[in-house]
Protein chains: 2
Amino acid sequence: MAKILMGPTTHIYPMPTLLIGANVDGKPNFMAVAWGDIANAEPPMISVAIRLSRHTHKGISQNLTFSANIPSVDLVRETDYCGIASGAKVDKVAACQFKVFYGKLGSAPLIEQCPINLECRVVHTLELGSHSLFVGQIEETHISESCLTDGKLDANKIKPVVYMGEPSRQYHAVGEALGKAFRIGQELKVKE
Amino acid sequence: MAKILMGPTTHIYPMPTLLIGANVDGKPNFMAVAWGDIANAEPPMISVAIRLSRHTHKGISQNLTFSANIPSVDLVRETDYCGIASGAKVDKVAACQFKVFYGKLGSAPLIEQCPINLECRVVHTLELGSHSLFVGQIEETHISESCLTDGKLDANKIKPVVYMGEPSRQYHAVGEALGKAFRIGQELKVKE
């Protein structure tokens with residue numbers, strides 16, 4: 001299979017679609033972020049890359065707390081809007097009609113309509129160039145009751161948004177199931 | 001909408017599915033990783049969380065280089081196998097019939113069958129507890145010619161694997177398109 005070289009790029013597929021929240025000058029603000037993922041298991045941590053110029057960057061730096069809210073597919077327009085508009089100019093919470101609440105940390109705004117909300121306390125900040133990589137310890141998880149089955153989280157009810165980056169820049173639903181992790185690969189054990 | 005509390009968790013959805021490669025004691029090895037994403041734009045960087053006990057952790061520490069290979073859906077069994085088996089005990093490259101090649105860095109093994117391969121040089125390592133968060137500067141991108149349309153990368157041809165974590169632990173294809181990023185949110189501008 002022939003390959004071509006493209007130099008240094010940011011071509012990772014797929015990516016999550018998150019709404020990162022922070023209080024900026026005391027007011028809740030949210031931005032859409034595809035560059036964020038779990039960074040540690042024990043204790044649970046998340047990393048998010050935020051461009052230095054963003055209003056959210058200012059808020060995270062002020063409070064050293066932030067939230068990661070997972071939007072479901074019915075919030076894809078609001079989510080995209082939070083990636084286009086700047087909280088320095090408009091009130092995104094009002095435009096999106098987000099119901100905001102606070103949890104354990106008190107300063108990390110959470111979106112009620114998002115099925116999952118993580119409250120995070122910054123424990124490391126790496127200055128990488130265009131972006132700061134904030135590593136947050138996850139202090140609390142809020143789950144909408146509508147995502148539970150028999151009292152337990154049911155991942156099939158979350159309906160999160162998949163982001164495919166450059167050049168398509170397209171949001172997608174999660175598609176057909178391909179198999180169970182830690183199980184379908186067992187078939188290859190015979191080839192060891 | 002009522003919420004329940006689950007304490008600190010690693011509940012991010014969806015996640016990417018990556019094959020992280022490293023030479024360990026001079027031999028190529030790969031592991032499946034869902035905890036990795038872009039960390040910086042200029043210059044391009046990626047972060048990946050690797051459990052301290054993993055064979056791949058040893059290899060990244062030895063060379064301070066690694067690769068991120070994006071498997072397509074037809075490699076989902078091989079990918080899962082690379083998340084189950086340990087390179088300390090078996091030759092995963094042989095079991096998966098991966099064709100391995102090297103690029104600019106010389107020590108980051110790349111999988112020819114994966115449509116995208118990123119060569120990364122470690123520039124930061126954060127010790128977070130159970131995992132090290134390796135931040136790698138992306139030095140080169142290799143793209144399979146089969147993913148090009150008119151000489152340019154066509155994201156629709158990559159067919160990457162979406163990972164939904166606990167409790168479903170299920171691999172998925174990318175589903176239906178929901179809309180263009182930086183565009184569909186424009187509708188909410190009228191509500192500002």
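Protein chains get the first letters and strands the later ones, always in sequence-line order, with residue 1 at the start of each.
- Proximity to chain A (any heavy atom under 4.5 Å) is restricted, for B/Ile84, to the side chain, taken from C-beta onward.
- Atom NZ of B/Lys152 sits about 12.0 Å away from atom CD of A/Glu166, to the nearest 0.5 Å.
- The part of B/Ile70 that comes within reach of chain A is its side chain, from C-beta onward, which places non-hydrogen atoms under 4.5 angstrom from that chain.
- Both the backbone and the side chain of B/Ile143 come within less than 4.5 Å of a heavy atom of chain A.
- Only the side chain of B/Ile46 comes within contact range of chain A, with heavy atoms under 4.5 Å apart.
- B/Ala94 does not touch chain A: none of its heavy atoms, backbone or side chain, sits under 4.5 Å away.
- Under a hydrophobic-cluster definition in which Ile, Leu, Val, Met, Phe, Trp and Tyr are linked whenever side-chain heavy atoms come within less than 4.5 Å, directly or via other members, A/Leu52 and A/Phe134 are assigned to different clusters.
- B/Ser168 and A/Asn156 share no donor-acceptor pair across their side chains, judged by distance under 3.5 Å alone.
- Judged by distance alone, with hydrogens and angles left aside, the side-chain atoms of B/His172 form a donor-acceptor pair with the main-chain N or O of A/Gly175 at under 3.5 Å.
- Under a 3.5 Å cut-off, the side chain of B/Asp80 and the backbone N or O of A/Ala181 do not form any donor-acceptor pair.
- Of the listed residues A/Ala95, A/Cys147, A/Ala32, the one with more heavy-atom pairs under 4.5 angstrom with chain B than any other is A/Ala95.
- Of the possible donor and acceptor atoms, none in the side chain of A/Asp37 sits under 3.5 Å from a partner among the backbone N and O of B/Asp37.
- Using a 4.5 Å cut-off between heavy atoms, B/Ser47 touches chain A through its side chain atoms alone.
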